[in-house]
Amino acid sequence: MDENQQNLHHLLDFELLNKLIVGIGEVSDITGIPTRKIRYWEEKGAIESEKSGEGSTRRYNYLNVKKMLLIQEMLDEGFTLDAAIKKVEKRMETLNEAFRKLANTMTEHRE
DNA sequence: GTTCTCACA
DNA sequence: TGTGAGAA
């Protein structure tokens, strides 16, 4: 597989990741975080799930899942939930901004 | 399977 | 900071 093929492969992975939307049960299975705790965190403003239009079941994308895992790590390290929420929020904010800039430079330099 | 709420540790 | 139980 040459370099171009690898780049394409990674872009496809990213697309799939962006479209990956799962229910609370699956998130719980993947992360090991009980569904009860996920709802509790949501109640405390840690995460915002997209509620699927018709039904009322919560839907989570990979950023939500990532956020939960980060928060769980912070709690394990002794942070309070509120502190963990704020810290993770800030981390993901700067991360997303950096990648947004990176994406911009990539499109600017294309063609 | 999911939702909520109330009580409890 | 969570959990258990019950009900829809």
Side-chain angles (χ1 to χ4, degrees):
Chain A
M1 188 184 280
D2 64 26
E3 190 179 337
N4 284 334
Q5 282 177 316
Q6 283 189 16
N7 286 337
L8 181 59
H9 191 72
H10 289 146
L11 285 174
L12 289 175
D13 276 353
F14 190 70
E15 273 188 41
L16 286 174
L17 215 52
N18 267 324
K19 290 174 182 168
L20 207 182
I21 293 178
V22 293
I24 192 172
E26 197 163 355
V27 174
S28 179
D29 289 340
I30 294 170
T31 63
I33 302 172
T35 62
R36 190 67 180 74
K37 195 193 290 198
I38 294 174
R39 294 194 195 95
Y40 174 70
W41 285 359
E42 187 156 358
E43 190 182 337
K44 294 299 177 184
I47 49 192
E48 293 225 12
S49 65
E50 315 165 3
K51 291 221 171 182
S52 54
E54 316 259 323
S56 56
T57 68
R58 296 166 170 81
R59 292 287 150 144
Y60 302 94
N61 57 32
Y62 84 101
L63 283 178
N64 291 138
V65 176
K66 186 172 179 177
K67 198 170 183 178
M68 292 182 213
L69 290 170
L70 289 174
I71 290 175
Q72 183 61 67
E73 283 186 20
M74 304 283 296
L75 293 177
D76 290 340
E77 291 170 13
F79 287 80
T80 66
L81 183 56
D82 279 334
I85 292 172
K86 288 177 183 172
K87 207 101 179 178
V88 167
E89 211 109 279
K90 189 166 293 181
R91 280 181 60 182
M92 296 188 68
E93 201 173 307
T94 59
L95 242 35
N96 289 337
E97 186 183 354
F99 281 119
R100 185 186 54 74
K101 288 178 182 174
L102 184 59
N104 282 342
T105 63
M106 285 177 69
T107 53
E108 283 171 8
H109 294 169
R110 200 165 56 188
E111 76 189 288

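Throughout, a chain's letter reflects where its sequence line sits, starting with A, and its residues are numbered from 1.
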inquiry  = Considering every strand and a 4.0 Å limit on heavy-atom distances, what is the contact class for A:Asp82: base, sugar-phosphate, or nothing?
reply    = sugar-phosphate

ask   = Distance check: side-chain N/O of A:Arg58 vs OP1/OP2 of B:dT2, anything under 4.0 Å?
value = no

What pairs of nitrogen or oxygen atoms, one from the protein and one from nucleotides 7-9 of chain B, lie under 3.5 Å apart?
none

Check: A:Glu26 and A:Ile30 side chains under 4.5 Å, non-hydrogen atoms = yes

request  = Evaluate whether atom CD of A:Glu93 has more than 12 neighbouring non-hydrogen atoms of other residues, nucleotides or ligands under 6.0 angstrom away.
outcome  = no

task = Please state how far atom CD1 in A:Ile21 lies from atom C1' in B:dT2, giving the value in whole angstrom units.
result = 17 Å

ask   = So do the side chains of A:Leu75 and A:Leu81 get within less than 4.5 Å of each other, counting heavy atoms only?
value = yes

key: Within 6.0 angstrom of A:Lys37 NZ, more than 12 heavy atoms from elsewhere   = yes

task = Find the distance A:Ile38:CD1 to B:dT3:P and express it as a whole number of Å.
result = 10 Å

ask   = B:dT5 C1' sits how many Å from A:Arg39 CZ, rounded?
value = 12 Å

Spacing of CE belonging to A:Met74 relative to CZ belonging to A:Arg91, to within rounding of 0.5 Å = 7.0 Å

Reference residue A:Arg58; test side chain to side chain donor-acceptor pair (under 3.5 Å); the match among A:Glu50, A:Glu42, A:Glu48 = A:Glu42

query = Given the rule that I, L, V, M, F, W and Y join up when any side-chain heavy atoms are under 4.5 Å apart, are A:Ile33 and A:Ile21 in one cluster?
reply = no

query = chain A on DNA chain C: first and last contacting nucleotide, 5' to 3', under 4.0 Å to a heavy atom?
reply = C:dT1 to C:dA5

task = For the residue pair A:Gln72 and A:Thr31, establish whether any side-chain heavy-atom pair is separated by less than 4.5 Å.
result = no

